[in-house]
Amino acid sequence: QPQVVESGGGLVQPGGSLRLSCAVSGFSLDYYSIAWFRQAPGKEREGISCIMSTDGSTHYADSVKDRFAISRDKAKKTVYLQMNSLKPEDTAVYYCTLPGPLDCSMWLTSKDRTKWGNGTLVTVSS
């Protein structure tokens, strides 16, 4: 049974950085892409980043491009989301998920935002 556990959230000031982790079990990152989405209070879930299983290529929503970076450590079975230059509007619960049969570019524009874990809360505030 595939499982993911998100961690690394917290309170950070605007302009600060955080690194989120997504620890996976029950499947291999060699065969499954991993994506991140977020949900702010009262807002819809927003897909923000994805890393392809095949070649490790990375994809980002415009809202986080050039500020966030997704990466993976296959040996540790962990996917990371490095978040820099954080803004108050980045405040949300962040989730990692499996895009399934969709490639990353398709997943980002799809409405598939399935929760696999409990998420991790990121609060950007002074």
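- Y94 and V5 are not part of a single hydrophobic cluster, where members link through side-chain heavy atoms under 4.5 Å apart.
- No side-chain donor-acceptor contact under 3.5 Å links T97 to the backbone of A35.
- Evaluation of the ring pair (Phe, Tyr, Trp, His ring centres under 6.0 Å) test over residues 28-49, restricted to residues two or more places apart or in two chains, returns F27-Y32, F37-Y95.
- A search for salt bridge (charged side-chain N to carboxylate O under 4.0 Å, His left out) contacts involving D55 returns nothing, not counting sequence neighbours.
- Annotation: side chain of V79 is not in contact with side chain of S21 (no heavy-atom distance under 4.5 Å).
- Note that CD1 of I34 and OH of Y80 are 13.0 Å apart. Values are rounded to the nearest 0.5 Å.
- Note that the CE atom of M52 and the CD1 atom of I70 stand 11.5 Å from one another [nearest 0.5 Å].
- In the hydrophobic cluster analysis, where Ile, Leu, Val, Met, Phe, Trp and Tyr join through side-chain heavy atoms closer than 4.5 angstrom, L18 is grouped together with I48.
- Residues satisfying the salt bridge (charged side-chain N to carboxylate O under 4.0 Å, His left out) test with E46, not counting sequence neighbours, are R38.
- We find the CG-SG distance between L81 and C22 to be 10.0 Å, quoted to the nearest 0.5 Å.
- If you take OG on S33 and CZ on R72, they are separated by 8.0 Å, rounding to the nearest 0.5 Å.
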Check step by step if side-chain contact (heavy atoms from CB on, under 4.5 Å) holds for L20 and V122. CA-CA 9 Å; L20 306 184; V122 173; 3.9 Å; yes

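- Neither L102 nor I51 shares a network with the other; the hydrophobic side chains, linked directly or stepwise wherever heavy atoms of I, L, V, M, F, W or Y lie under 4.5 Å apart, form separate groups for each.
- For D73, the CG atom sits in a packed shell: over 12 heavy atoms of surrounding residues, nucleotides or ligands are nearer than 6.0 Å.
- Using a 4.5 Å heavy-atom threshold, the side chains of Q13 and V124 count as separate.
- When every heavy atom of C50 is checked against every heavy atom of W107, the shortest pair comes out as CB-CE3, 4.5 Å.
- For R67, the salt bridge (charged side-chain N to carboxylate O under 4.0 Å, His left out) test picks out D90, with sequence neighbours left out.
- A 4.5 Å side-chain heavy-atom check between C104 and S57 finds every atom pair outside the cut-off.
- Residues L98 and V4 meet the side-chain proximity criterion, which asks for heavy atoms closer than 4.5 Å.
- Under the rule for a salt bridge (charged side-chain N to carboxylate O under 4.0 Å, His left out), the partners of D62 that lie at least two apart in sequence or sit in another chain are K65.
- Q82 contributes atom CD, which lies 5.5 Å from atom OG of S17 (distance to the nearest 0.5 angstrom).
- Pairs passing the salt bridge (charged side-chain N to carboxylate O under 4.0 Å, His left out) check and including a residue from residues 92-111, sequence neighbours excluded, do not occur.
- Residue Q39 holds its CD atom at 9.0 Å from CD of E44, rounded to the nearest 0.5 Å.
- S49 places a side-chain heavy atom less than 4.5 Å from the side chain of Y60.
- Within the 4.5 Å cutoff, the side chain of E89 has no heavy atoms near those of the T91 side chain.
- Residues P88 and P14 are in side-chain contact: their nearest non-hydrogen atoms beyond the backbone lie under 4.5 Å apart.
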Audit row: D30, S53, side-chain contact (heavy atoms from CB on, under 4.5 Å) steps and yes/no: CA-CA 5 Å; D30 285 323; S53 61; over 6 Å; no

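- The backbone N or O of K76 sits less than 3.5 Å from a side-chain atom of T78, completing a donor-acceptor pair.
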